[in-house]
Amino acid sequence: MKILDAKFLKDFVRMADDGYQEGWHERNGGNLSYRIKEEEVQQILPELHDQNEWRPIGTSVPDLAGEFFLVTGSGKYFRNIILDPEANLAIIEVDDKGENYKIRWGLRDGGVPTSEIPAHLMNHEVKKRLTGGKHRVIYHSHPISVIALTFVLPIKDEVFTRELWESMTECPVVFPDGVGTVEWMVPGGRDIAVATSKKMEQYDAVIWAHHGIFCSGEDFDLAFGLMHCIVKSADILLKVYAVRPDKLQTITPQNFRDLARDFKVTLPEKFLYEK
Ligand code: 2HA
Ligand code: ZN
């Protein structure tokens with residue numbers, strides 16, 4: 001099968017373009033990766049070349065040895081992906097130790113995978129282990145409202161989770177485990193990848209102070225949908241703050257407990273503190 005005709009590639013491109021249309025990807029901001037299923041790799045194997053060197057990932061992901069990923073390219077613009085996927089995306093293979101990758105397709109005019117490849121692969125490794133292989137999509141974007149909130153709320157998991165839950169009733173149902181936060185760190189390296197993947201052990205979404213957000217999901221719809229809900233909730237919260245600094249009424253801890261009972265989700269009590 002032609003790689004450009006593969007459903008996973010089309011779904012990836014559509015999601016990237018949807019994210020661009022939402023305004024989450026200025027210039028080369030953000031990145032996306034998909035852990036390709038074994039049967040999908042088999043279908044495209046004849047189209048993968050073997051002309052590149054192994055290069056260091058910059059961290060170690062032994063549980064991803066031998067896996068193939070579709071990833072965005074470093075410095076590439078989300079707005080261009082839909083026009084020319086083969087120039088802006090890459091399929092990479094991870095070696096048998098989980099320390100190096102090789103480009104097997106894409107980046108036709110040159111380039112390397114996303115600068116956040118350590119964070120993407122470390123997040124994939126955690127999610128593969130903890131979801132029995134179900135999660136396949138890791139998505140990083142730069143949404144205005146989420147970044148803005150990191151200047152006015154304490155960078156604490158409990159606070160971000162509670163405020164996002166309170167801003168839209170669907171939120172605790174969509175992300176009952178909450179969201180994690182990471183204080184400002186230099187992007188692109190191993191340290192921020194370690195900090196993020198540690199939070200991914202508890203959460204499917206991790207906010208990077210003054211930078212953006214990472215989401216994890218089983219498929220493109222779930223990863224995009226999670227990002228979309230968090231961003232919408234952050235939009236609402238900022239609009240509330242723009243009108244007045246306090247809320248006249250809100251969803252209470254008891255309301256959340258009632259919601260959890262009827263929607264059959266578990267909402268950890270650490271997020272239901274008295275204010
Ligand atoms: O420019 O988003 O975090 C790509 C990024 C780096
Ligand atoms: Zn970024």
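Just follow the structure's listing: the first ligand is 1, and inside any ligand the first atom is 1.
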*Give the atom name of whichever N/O/S atom in His142 sits closest to the Zn ion (ligand 2).*
NE2

*asked:* Taking a cutoff of less than 4.0 Å between a non-hydrogen atom of the residue and any ligand atom, is Arg27 in contact with ligand 1?
replied: no

For [X] and [Y], which I'm curious about, is there any donor-acceptor pair between the side chains at under 3.5 Å?
{"X": "Ser216", "Y": "Asp204", "result": "no"}
{"X": "Asp157", "Y": "Thr181", "result": "yes"}
{"X": "His120", "Y": "Thr114", "result": "no"}

_Within ligand 1, which atoms have a heavy atom of His140 less than 4.0 Å away?_
2 (O), 3 (O)

*With the 4.5 Å side-chain cut-off for hydrophobic clustering, are Phe271 and Val179 part of the same group?*
yes

*For ligand 1, is there an N or O atom under 3.5 Å from any N or O atom of Gly29?*
no

*Consider every N or O of Trp208 and every N or O of ligand 1, then say whether any pair is closer than 3.5 Å.*
no

*Step-by-step ring-ring contact (aromatic ring centres under 6.0 Å, His included) determination, His211 to His142*: CA-CA 6 Å; His211 183 144; His142 297 172; 4.8 Å; yes

*asked:* Test of geometry: compute the angle NE2(His140)-the Zn ion (ligand 2)-NE2(His211) and round it to 10°.
replied: 100°

Among all protein heavy atoms, pick the one closest to [atom] and tell me residue, atom and distance.
{"atom": "atom 5 (C) of ligand 1", "result": "Asn31 ND2, 3.4 Å"}
{"atom": "atom 3 (O) of ligand 1", "result": "Glu116 OE2, 2.5 Å"}
{"atom": "atom 1 (O) of ligand 1", "result": "Asn28 O, 3.1 Å"}

_Taking side chain to side chain contact (heavy atoms under 4.5 Å, CB included) as the criterion, tell me which of Glu67, His135, Arg136 meets it with Lys128._
Glu67

*Between Thr150 and Ile155, what is the shortest heavy-atom contact and its length?*
O-CD1, 3.5 Å

